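A quick write-up on the structure given underneath.
Atoms considered below: every heavy atom in the structure, side chains included; atoms not considered: hydrogens, waters and symmetry mates. Predicted, not measured: the structure shown is a model, and the values here were computed from it.
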Amino acid sequence: MTPLWLIPVIPLAGFVLNALLGTRLGKSFVSLVGVGAAGLTTLAAFGRILPFLRADRSTVVEPVASWIAAGSFSVDIAFRLDPLSALMLSFVTFVGFLIHIYSIGYMRHEATDAGYARFFAYLNLFLFAMLTLVLAESFLLMFVGWEGVGLCSYLLIGYYFDREYAAAAGRKAFVVNRIGDYGFLLGMFGLFAVFGSLNYSEIFLMAAAEPARFSPALSAICLCLFAGAMGKSAQFPLYVWLPDAMAGPTPVSALIHAATMVTAGVYMVARCNVLFRLAPEVMLFVAVIGCFTALFAGTIALAQNDLKKVLAYSTISQLGYMFLACGVGAFTVGMFHVLTHAFFKACLFLCAGSVMHAMSDDLDVRHMGGLKSKIPITYATFLVAALAISGIPPLAGFFSKDAILASAFEAPGLGKVFWAVGLLTAGLTAFYMFRIVSLTFYGRFRGSAEQEHHLHESPPSMTMPLVVLAFLSVVGGWVGLPAVFGENANLFEKFLSPIVAPIAGQPAAHHAVSHATEWLLMAVSVAVAASGIFLALEWYAKGEGRVPARLAASDPGLYALVADKFRVDELYDVLFVRPFAWTARTLWKVVDVLIIDGILNASAFLVELAGDFLRFLQTGNVRNYALTFLIGLTALVLFVVGAV
Amino acid sequence: MIGAIPLSDVLLASAALFAIGIAGALLRRNAIQIFLSIEVMMNAANLALLGYGAALGSREGQIIVFFVIAIAAAEAAVGLAIFVALFRHTETIDVNKINLLKW
Amino acid sequence: MTGSFVQFTHADLLAIAPEITLAAAGCVILLLEAFAPGLRRWFATLALAGVAGSLYFLVRAPMGTTFGGRFDTSPLTLLVGLFLGGAAALAILVAKPYLERAGEEKGEFYALLLWGHLGVSLMTRGLDLLLVFIGLETLSLAFYVLAAFFRPVQASSEAGLKYFLTGAFASAFTLYGVVLLFGASGGSKIEGLARPGLAESPTVIFGLLLLLVGFGFKMSIAPFHSWAPDVYQGMPTPAVAYLSVAPKGASVIVLYRVFAAVFEDGMPDRFRAGIAALAILSMALGNVVALAQRDIKRLLAYSGIAQMGYATIALVVFGRDALAAVLVYFVAYLVSNAGAFAAVAALYRDETKPHPVALLAGEGRRAPFAAAVLALCLFSLAGIPATAGFIGKFLLFKAALESGFYALALIGIAASLVSIGYYLKVVYVLYMRDPVEQEPPPALAPADRLALALCAAGIFLLGIFPTSLWHLAERAAESLPLASP
Amino acid sequence: MERLLADHLLSILVFLPAAGAGLLLLFPRALAREAKLFALLVSVLECALSLPLWWRFDLAARGFQFRERMEWIPPLGISYSVGIDGIALVLILLTTILTPVALLFSLSHVEKQVRGFSIAFLLLETGMLGSLVALDLALFYVFWEVMLVPMYFIIGIWGGPRRIYAAMKFFLFTMAGSLLMFLAILYIAIRHHTATGQWSFALEDLYRMTFTGSTETLLFLAFALAFAIKVPVFPLHTWLPDAHTEAPTGGSIILAGVLLKLGVYGYLRFALPLFPDASLRFAPWLGVLGVIGVVYGAFVAYAQHDMKRLVAYSSVSHLGLVVIGVGAFTTLSLQGAILQMVNHGLSTGALFLLVGVLYERRHTREIDAYGGIAVVVPVTTALFLIATLSSIGLPGLNGFVGEFLILVGTWTSPHRWWAVAGATGVILSAIYMLTLVQRVFWNPLVHEENKSLSDIRPSELLAAAVLVVLMIWIGVRPNDVLDRLGASVEALQETVAAKQIASRAP
Amino acid sequence: MERIVFDLAAAVAILFVGLMVVTRHPVHSVLTLVVAFFGLAACYVLLLAPFIAAIQIIVYAGAILVLFLFVLMLLNLGNVARDKGGRPIQTALSSLAVVVFAALLLGTLRGSGARIPEPSPIEPAAFADPAPLARLLFADYLLHFEAVSVLLLAALVGAFVLARRERVP
C-alpha cells in the first residue's frame, strides 16, 4: 500500500526531472516523464482510494516529519486521507492525468523543446502542489499547496511570457491570489492563537467539542479564511484574475482554472465546515457572495465573444454556485458540484482547445460557425458537456445543480431568494452555453478562407480525453441521485457526510422537503434550463443572432457595459493600481529624496558652507591674527576675572 | 617696601606702557614698528618686575629682568634677520602686503 | 669674595646631562658644518645620536629635583622626555631626505632643531617660571628661524615673519603673566604659587590666564591659533612635524604644573568654564574650517587645532586620570600627526610649491606605502578603533565622562564626526581618483621608509596594546599633586 | 593542533581572514588572479572551519559556547572575550558562506586593484565575525568600527558611478550612530566602576547593571540609534539604497547579507539585555517603525527603475518585518526574526548576485534596458525566479518560514495589529518583485543588444547554486536552524525578564 | 621727592612710547624709543636697580635699538614703509580691545599692591648693591644662565643663517 506522501512526491520527481533534463532530452522524453508521473500518481492515488472505499472509510493521518517547531509552535509534514481528500484526490489525479495526455497533442506544435519541457514540468509541479493541498493534514501544509498551485497557475498563465498580456495576466493572478492569501494567513494566525495548533484534527475536535468557547473568535477567523477562498476560487470581488488567466494554454485553463485549483476554495470551506458552521454570519456572507458571483459572472458571460472567456465566466458563476451551497450549509452538495463541474467544465475547455486547434488559434466565436461537420467528436463532446452544465437530466450537472437549488430552497432566511437567483442563473447558464454552441457549431462558417482550409479534427491524444470526460459528464452525477429516488440513492451524500462532523449542542440540521416539492423544484429548474437552451438556439442558430443584435441596439450603453464585464478592471485600475503607483513615486521622490536626504545633505552642506566662510577669517594679515589673539584674551579675562 | 616709590605707581606706569605697546603692535603696519612695540611690552614687564622686586625686597626681580633683556636682544637679532630675509623677496615689510599664505 | 660661589653638584650634572648632550650635539654639527661640510650626509645620524644620547641620560637620570628645586626629574618628565625625543627623532629622520631633495641640507637645520628641542625639554622640566620662559623662548627663536629656513622660498620667509611677530607678541603676554605671578608669590618658583589664598587673588588668576593664553598660543588652540595654518604651510615639513607635536605637549604639561600648584583644592568654576570655552571653540572651529582646506598642510594644521581642542578637555577635567589620559593622547597624536607630515613630506615632489590635496590623487596606487601610512594616520586622527588615536580619544572622553562633563564629550563627538568628513576626503583623493601628476613620486628614501614604518607600527601597537603606555602615564601623572576622582 | 582548533576555534575563525589579508600584502601586484584565488581559498577554508561550530554546538545549552577569554587592557578592564550563542552561530555561518560566494562571483568580475579588493574583503570578514563573537563591549565596538573601513574602500574604489557619495554617506551615517554608542559604552563602564570599584567592559558584568529612568532611556537611545541606522530602520535608511546600489556586486551581497543583520544582532545582544525597561518602553515605537519600514520600503521599491535600488528597498521592507519580530519580543517572533535575517541574507544576496550577472554583461541596471531576456538567459531567469519566490515568502522556500514565525509570533503578542499590518508585506512584495521579474525577464524581447546576452557562467552558477540550495534546504528543514535558536532566544528573554524584575525592585 | 622724580621719568617714558607708536617714520620711532628707554632707566635707578638701569642703557638703548637703525638703513626703509593708515575695522576693533584690556589690567593691578607681604627690612643701599645679584645669578640661577647661553647661540646661528647673503633669488 503506497504511503500518502508518495502521491504528491511522484509528480514532484517528474517536475525535477523535466526541469533539469527536459530541455536536453527532447519532447518524447518529456512527455514520457510528465505523463508517466501523472499516470503513476493516479495509480498510486487509486491504490489508496479503492481500499479506503471498501474499508470503514475512517480518517487516516500519516505524519512524515516535523516541519516547523519553534517554541510552542509545531507543525508536522503529515498527510490525511478521509472522504473529502479521497474525493478530491480521485478526480484531481484522474482529470489531471487525462489533461496531461491531452497536452501531448495540444502542445505538439510548441516550437522549442525548452518550452515543451517547461510546460510539462509546470504541470507536474502543479499536480504536486494540488495534491499537497488536498492531502495536507494541517492548515500550514495546505497553505504550501495553496500557494504552490497559485505559483503554477502564475507560471502557466505566463507560459507565453513573451506576450505582454500573458505575463501581465500571470502577475495579476498571483497578486490577486496573494490578497486572498493575506486573509488566509491572518486566519491561520487567529487559529493558532485560539487553538494553539494548526492541525485539522485537533482544531476541528476542539471546535466541535466546545462551540460556545470558540464561536466568538471564529467569525473573524472564518471571514479571513474565506477571503483566501475568494481569491483562489475567483469570487467577487477577487474574481478578476480568472478571465485574464485564459491567456495560458488551454489545457491549463481546463485543469487549473476549471477543474481543480479554482475549486480549492470550496474544498477549504468544506474542510473547515465545522468552523464555518460556528460562524453563521460568515456562512450567510459566503452564500451571498456565492449567489451574487454566480449571477454576476453569468450575466457577463452572455455578451462575450471569446470562447474561453465565456467558459471562464461560466466557471466563476459555477464556483459561485458551489459557495452558495456551502453558504446554506450544504457542504456535501457543494463538493458534489465541484466533482461534476470538474468533468463537464474540463471537457468544455478541452473542446474549446480542440476548436482553437482547428481554428488555428482563433477563439472569436464570431469567426466560427458550422463546425459541427468539420470536427464532429469535438462537437459531440462539447454538446454533451454543455447539456450537462445547463442542468439537463440525467446528465451530471443536473443532479448537482438541482441539489444546490433544493438546499438553497430549504435553507431558512434568505433561502428562497438564493433559490430564485440560482434558478435565474441556471437559465442564463443554459442560454449562454447554447449561444456559443450555436455560434460555434451551427450555421455557416464565418471565419477567413485559410482558416476554413485548415479546419480539421484534433488527434486522438486530444479527442480521447474529450470522450472520457464527456462520458463522465453524463454518468458523473449518478452517484448523487436526489432523495426522491430512495433514501440511499444519494451515495455521494452518504460517503461524504462524515466530514460534516456533528457539533456539540447543535442538531444535525437535516430537514428534508417533501418529495412533491422536490419534484416540483426539479421540474422548474429543468424547465428554466430548457427554455434558456431553446431561446439561445432560436436566436443564434436559427435567427443568425438578429434578435440579440436588435436587443443590443435598443440599449447600447447597457450592452457595452455587460460586454465590457461591467468595467470592473477599469474600476480597479482607477481605485487601486494607479493610486498605488502614484503613492510609490511620491513616497520615493518626496519622503526619501526630498525630506530625509534633503535634511541630511542640507546639514552637511551647511557645515561645509560654514567652513568656507570661516576660512576667510584667516586673512593672511598678521595684524588680524594679533587682534583675534587679543580679543580672545580680553574676552577670556572679562569672563573669568571680570566678575571679580 | 624698600625705597620711596609706591608699588601702585610702578604698576600703573607698567600697565600703561604695556597697553600702549599692544596698541602699537596692533595699529602699525610696518613690521619693525610692530616689533618695537613688542619690545615696549617687554619693558613694561621689566618695570613691573623691578617694582615687585623692590616691594618684596627680593632680588629675583632684577635677575629675571636681566634674563629678559638678554632674551629681548636675542629676539631682536632673529627678528631683524627674518625681516631682512623676507625683504629680499617682497621689497617691503608692510605686513598688510605680506599675505601670500592665507585661507 | 673668595672661593667659588658657583653651586653645581654631581646630581645637577646627571639631571641636566640630557640637555647638555643636545646642546653639544648641536654645536658639533655646527662646527662640522663650518669646517667639514663634506660630512653633511652624517649630520642627521649625528643629530639622531644626540637625541638618542639625551634619551639615554634622561632614562639614567635619578628621580628628584635639582638646581635648588628648580629642575625636575620625575616619571612625568621621563615620559614626556621620551615623547619629545620621539618627535625630534622622527623630525630628523624625515628631514634628511627632505632637505636633500630641496638641496638645503645645512647643519644649522639640525642644530636649531636640537636646540629648540632642548628648549622644549627645559619647558617641561623647569620648576621655575623663568626657566620655563627661557625654554619657551629658546624653542621659539629656533623655530622662528626654521620656519624661514627655505630662504629662496618666499612662503617660507613669510611664515618666519608671521610666526615671529605673533610669537613675540604672545610671549610678551606670557612674560607679563610670569611677572604677575612673581609679584603674587614673591619668587619665580612654581611651588611658590602653592600658597593658600593665591587662587582667589585676581592678580594670580590674571597671570594664570596670561600663561594659559601664551601656551595656548603654542598649542594653537582657538582663538590663538591663527598663526598655525600659515606657518605650517610655509615651514619646511620636517620642522612642522616637530612643531605640530612637541611644543603642544610641553605646553599642556607646563599649564598642568602651574595649575596643579595654584589650584590645590580644585579649579574655580569660572576658570574651568573659560578653558572649556576654548576647548569647544577649538574643536568646532578647527574641524569645520578644516573641511574647507585645499592644502594638505593647512588641513593638518586645522586638524591639529581641533585635536588640541580635545587635549584641552584634559585641562578642563583637571585631574590625575585626565593628565594620564592626555599624556597617552599626545603619544598617540605624535605617531599619527608626525606620521602624517612624514608621509606628506615623502609624497610631494616640489618643496618650493604649495601642497594641494588634489596632487595626491591616485598616489594610493603609485606610492602605496606612503599613501597607506598617510591614510592610516588620518584614520588614527579620526579615532577609528584599533589605532592609537582611538585609545587617546577613548581615555580623554572617559575622563570627561567620569567627571561628568557630558556636554563637552557630546560636543567632542559631534566635532569628530565632522572631522571624519575631511580625513576621508584625503583618503578618497589618495585612492579613488586618477593621478594628476605625470611622473610618479620619487622613490621612498630609507629614512622616510623607516619613519613611516615606525609611525605605522606605533599606531597599531598603541592602538591594540596600550596597556604598558597607560601604566607609564598613570605613574607619570602621580608626579603632580593632583586629585584623582 | 586538534586541541588548538578545539579551544580557539572562534579566535582562529576571526583572525584567519586578517592573516590571509596580511599574506596577500606580500603578493606582487602582478599576480592579480592568484590573489583573487588565494582570497577565495582563505574564505572557503574559513567556511570549512566554521562548520564544526554548526554540529559541535550544544543545542540545549543556555549560555555562550566556545568561550575564550583573555585580559586585553587590564587597567581599563577591557578583555578579549568571545563566545557565541545560537543567534551568533547562524549569523556566523551566514557570513562564512556568503563571503566565499561573493568572492567567487567577484573572481570573474573585479579587474582593477584586485589585490586590494581581496584584502579589503578578508578584513571585512574579520570585522564582521569579530563583532558577532565579541562578548566585551569595547572589543565589540572595535570590530564594529573596523568593519566600516574596508567597506568604505570596497564601495569607494570598486563601486558604481556615484560611489564616492555612497561611500561617504555610508561611513558618516554609520559613524554618527556608533559615536553616540561609544559614549554610552564608556558611561556604562564608568557606572560599573563606580558601583563595583573595578573596570570592566565584559558583557556578563554589565548585564548585571541596572539603570533607571532617563539615564536608561538615553543610553538605550544611544545604542538603539547606532543599530537602527545599521538595520536600517525608517527613516534612517537612506544610506542603504545608495550604498547597495553603488557597491560592487560582491559588496552588495555582503552589505545586504551580513552588515544589516549586525544592526539587529547588536540590538538583541546589547541594547535589549542592557536596558530592558527602556527597550520595553520603546518596543511600540520599534514595532511601528518596523511596520512603516515594511510598507514604505515596499512602496518605494515599486517606484524604482534601477534593479539594484529596487532590491535595496526590498531589504528595507524585509528588515522592517524583522524589526517587527524583535519589537514583539515573543519566542516565536524572535526566532522568526533571526531566521528571517538568514533568509534575507540568502535571497537578497542571490538577487544582488544575479542582478550583478546581468550588469556585468549589459553594464546597466536600468530595468527598462531589459525585458524578455528569459529566452536568452533561461538559467539566470530560473535562478532569479527562485530567489524572487524565496524573497516574497513562497511556502516551501526559506522566506516563508521566517515571515510566518515572525507574524504568528507577533500576533500572539500584545501588538496583534503589527502582524496585520506587517503581513501586507506578502501582497506588496509580490507586487514589486513580480513586476520586476516581468519587466526584466518577460514581455517581448525588444532591445537588440539583449538578444546576444550570454547566460550565467559556471563560477557564477556555482555561487548562485549554493544560495539556492540553502534556500530550499531551510525552506524544507527550518528546524535545523530553529533548533539552534530556541535555547538562546529563551535565554535572552529570561535575561531581560530577570533584569526587569530586578529594576522594579527598590 | 623720589616719587615725583619717578613719576616724571615714567611720564616721559610713557609719553615717548606714545610718540613712538604714532610717528609714521620708523626711524623716528626708534629715536623716540631711545628717549623712552632713558626714562625707564631712570625709573630703574629709583627702584634700586642701578645695575639693570645700566644694562638698559647699554644693551637696550645702545645695542638693540642701534641694531634696529642699522637694519632700517640697510633696507633703507626710510620712505618705503610710510604708514598710510587704512584698515578701519582693524583699527577700531584694536583700539576697543586695547582699551578694554588695559582697563581690566589696571583694575586688577590696583588691588594687587595691598596683598604684598611686608618684606624683611633691608637697607636700600644694600639692596641696590649688584654683588649679591651676581651671587644669586651664579648660585640659584646658574641653570638659567646656561640655558640663556644656548638661547643666545641659537639666536646667533639663526640670524646668521637667515641674513647671510647667498643664493638670493
Subject >> Working for ring-ring contact (aromatic ring centres under 6.0 Å, His included), residues E:Phe101 and C:Phe173 >> reply: CA-CA 12 Å; E:Phe101 183 77; C:Phe173 284 92; 5.8 Å; yes
Subject >> Option in C:Glu19, C:Arg70, C:Glu108, C:Gln154 with maximal non-hydrogen atom pairs under 4.5 Å from chain E >> reply: C:Arg70
Using heavy-atom distances under 4.5 Å, tell me whether [X] contacts chain E through its side chain, its backbone, both, or neither.
X: C:Ile20; result: neither
X: C:Leu180; result: side chain
X: C:Ile134; result: both
X: C:Leu131; result: both
X: C:Leu139; result: neither
X: C:Phe109; result: neither
X: C:Leu141; result: side chain
X: C:Asp12; result: neither

Original post:
Would you call the rings of C:Tyr242 and C:Phe143 parallel, tilted or perpendicular if under 30° counts as parallel and over 60° as perpendicular?
Top reply: parallel
Original post:
Aromatic rings C:Tyr144 and C:Phe164: how do their planes relate, parallel, tilted or perpendicular, breaks at 30° and 60°?
Top reply: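 Because their plane-to-plane angle is over 60°, the rings of C:Tyr144 and C:Phe164 count as perpendicular.
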What part of [X] gets closer than 4.5 Å to chain C, counting heavy atoms only: side chain, backbone, both or neither?
X: E:Val157; answer: side chain
X: E:Leu137; answer: neither
X: E:Leu104; answer: both

Under 3.5 Å, is there a donor on one side chain and an acceptor on the other for [X] and [Y]?
X: C:Ser171; Y: C:Glu137; answer: yes
X: C:Asp128; Y: C:Ser188; answer: yes
X: C:Arg125; Y: C:Thr73; answer: yes

Subject >> Ion pair check, C:Arg40 and C:Glu33, cut-off under 4.0 Å >> reply: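 Between C:Glu33 and C:Arg40 there is a salt bridge, with a charged N closer than 4.0 Å to a carboxylate O.
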Original post:
Quick one: of E:Val148, E:Leu105, E:Leu142, who has the most non-hydrogen atom pairs under 4.5 Å with chain C?
Top reply: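 When all of E:Val148, E:Leu105, E:Leu142 are compared, E:Leu105 has the most.
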Subject >> Contact check, side chains of C:Leu127 and C:Phe71, non-hydrogen atoms, under 4.5 Å >> reply: no
**OP:** Measure the spacing between CG of E:Leu31 and CG of E:Leu69 and express it to the nearest 0.5 Å.
**Re:**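 Output value for this atom pair is 6.0 Å.
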